[in-house]
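Throughout, a chain's letter reflects where its sequence line sits, starting with A, and its residues are numbered from 1.
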Protein chains: 2
Amino acid sequence: MSRASDQAYDKIRAHLLSGAVKPGEQLTEYQLAQVTGVSRTPVREAVRRLEGEMLLVRSESKRIFVADWSRDDIDEMFTLRKMLEGHAAERAALRLKSDEIDRLEAVNRELHDAVEHDPPDVTRFLDANRTFHEIITEAAHSPRLGQVLAMLVEAPVVLRTARSYSVADLEQSARDHDELIAAFRAGDPDWARAVMGSHLRRAFHTFAGAAE
Amino acid sequence: MSRASDQAYDKIRAHLLSGAVKPGEQLTEYQLAQVTGVSRTPVREAVRRLEGEMLLVRSESKRIFVADWSRDDIDEMFTLRKMLEGHAAERAALRLKSDEIDRLEAVNRELHDAVEHDPPDVTRFLDANRTFHEIITEAAHSPRLGQVLAMLVEAPVVLRTARSYSVADLEQSARDHDELIAAFRAGDPDWARAVMGSHLRRAFHTFAGAAE
DNA sequence: CGGGTATAAATTGTATACAATAGGAAATGC
DNA sequence: GCATTTCCTATTGTATACAATTTATACCCG
């Protein structure tokens, strides 16, 4: 994509995920143009993208607001992710080559490290986690699945500042990934789907706690 | 919705679905601005939306092309729809009130009429079909599911000009809908999901024939 | 001729000015 | 004092000019 609108997208997204702006808060194109240092034109494109990812929403009168997620919203979203990522895991189990699984293992080692750090490095955890899931989605060789998931995956992360991740949750996530890798090595699609399902359901309860 | 960008969206979309432009064909913003009668600015927004719905794609160098769907693409898309609309049907079976089911019946009568017309009125069929599925998605009360499905549902219709719908296919579709309505009346989510699954799989084979 | 390079054309990307619209505040009437 | 209308301001929407980038063409040299 274009340079300025990408820049705007990255900056606005980072801004939202940093927690510097609160859910429900209004944003204006002008304001975002100031912050990102580009004109309103590319800002508009970035905003549209972020709307697509449901990090921003528009009021009836087209004003821009930071998305505000209810517990039901989060439940719904994880239900969809469970379906779609479960499917992705199934396909990945049938397609992943051993060197790709090696890569998953490397990413998950990184993730383990982030968890064992004191205090746990949540940002590094989230980055590694994202990469881990992206590799699986990628391996499913299903471009539309990838596109659809892209708009679902990041959304709840906007809430991350609202909660303190418990070390136990992070550790369990890392262990889920370990088991997922085992399922991939075994080439067992049913196993992979099942692990992915429980992994995401647990994640839901972690996030849901933050939205009460 | 008389905003220029909405106008542009509707016109471009209709243009694509009319079959006036062929899959793989390049379009330019300037050209689309001429056709739609608005400036490039709203055209760009419309194009971005249609990209999101995967009716348009961009080359590596950001040029705009009419999406070209392979048989595998269509398969993948119907697989995703089966998952997501199956889920929607399940939820709808638990939530639909009898007056809403009445409405589904009315829409499906319209659909039957379109099929029995000689020759079958494919446009009316597709409109009624879209409405039918929208009511179900709506009844699922899952906004994100709705958003995700919106980008999947229309896409293969761009291929419709490439095939002649067989009357048998259309009739079977109408009967599938009848059975779906029965499942809703019974309030049986499993039945609803199963019918939706076979309905969409059949639809896949219908469309897949067009993409060979 | 063929290949590579310079040049022109086509296309998308960005900034900015202005238009349209919605929201809020002030003024008015009762 | 409260509701309603009017006007002003804030915000989004559109057109257009220009910049950047990519593709196509023409040209030169071997």
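Taking the six-membered ring where the residue is Trp, A:His199 and A:His133 present parallel rings, their angle staying beneath 30° rather than reaching 60°.
The distance from atom CD1 of A:Ile64 to atom C1' of C:dA22 is 14 Å, rounded to the nearest whole Å. Put simply, CZ on A:Arg63 is 5 Å from C1' on C:dA22, counting in whole angstrom units. Taking atom CZ of A:Phe65 as the reference point, atom P of D:dA10 lies 16 Å away to the nearest angstrom. What separates CZ of B:Arg44 from P of D:dT14 is a distance of 14 Å, to the nearest Å. Atom C1' of nucleotide D:dT21 and atom CZ of B:Arg58 are separated by 13 Å, given to the nearest angstrom. Rounding to whole angstrom units, CZ of residue B:Arg3 and P of C:dA22 are separated by 6 Å. Regarding A:Arg48, its CZ atom lies at a distance of 11 Å from the P atom of D:dT12, rounded to whole Å. If you measure from atom CD of B:Gln34 to atom P of C:dT11, you get 12 Å, rounded to the nearest angstrom.
With hydrogens and angles ignored, no donor-acceptor pair under 3.5 angstrom links the side chain of A:Ser61 to the base of D:dT11.
The residue B:Leu32 sits apart from the nucleic acid: no heavy atom pair falls under 4.0 Å. Residue contacts for B:Thr41: at a heavy-atom cut-off of 4.0 Å it reaches a base atom on one of the strands shown.
With C:dG13, C:dA15, D:dT12 as the candidates, the nucleotide lying closest to the side chain of B:Glu29 is C:dG13. Residue B:Lys62 has its side chain nearest to C:dG13 when only C:dA15, C:dG13, D:dT14 are considered. Taking the side chain of B:Arg40 as heavy atoms from C-beta on, and the options D:dA15, D:dT11, C:dG13, the nearest nucleotide is C:dG13.
Between B:Val153 and B:Glu53, the closest side-chain pair of non-hydrogen atoms is not below 4.5 Å. Looking only at side-chain heavy atoms (C-beta outward), A:Glu45 and B:Glu45 stay at 4.5 Å or farther from each other.
With no hydrogens or angles considered, a side-chain donor-acceptor pair links B:Ser70 and B:Asp73 at under 3.5 Å. A donor-acceptor pair shorter than 3.5 Å can be found between the side chains of A:Thr79 and A:Arg201.
Each of A:Glu60 and A:Gly37 was matched to the nucleotide of DNA chain C holding its nearest heavy atom; the match closer to the 5' end belongs to A:Gly37.
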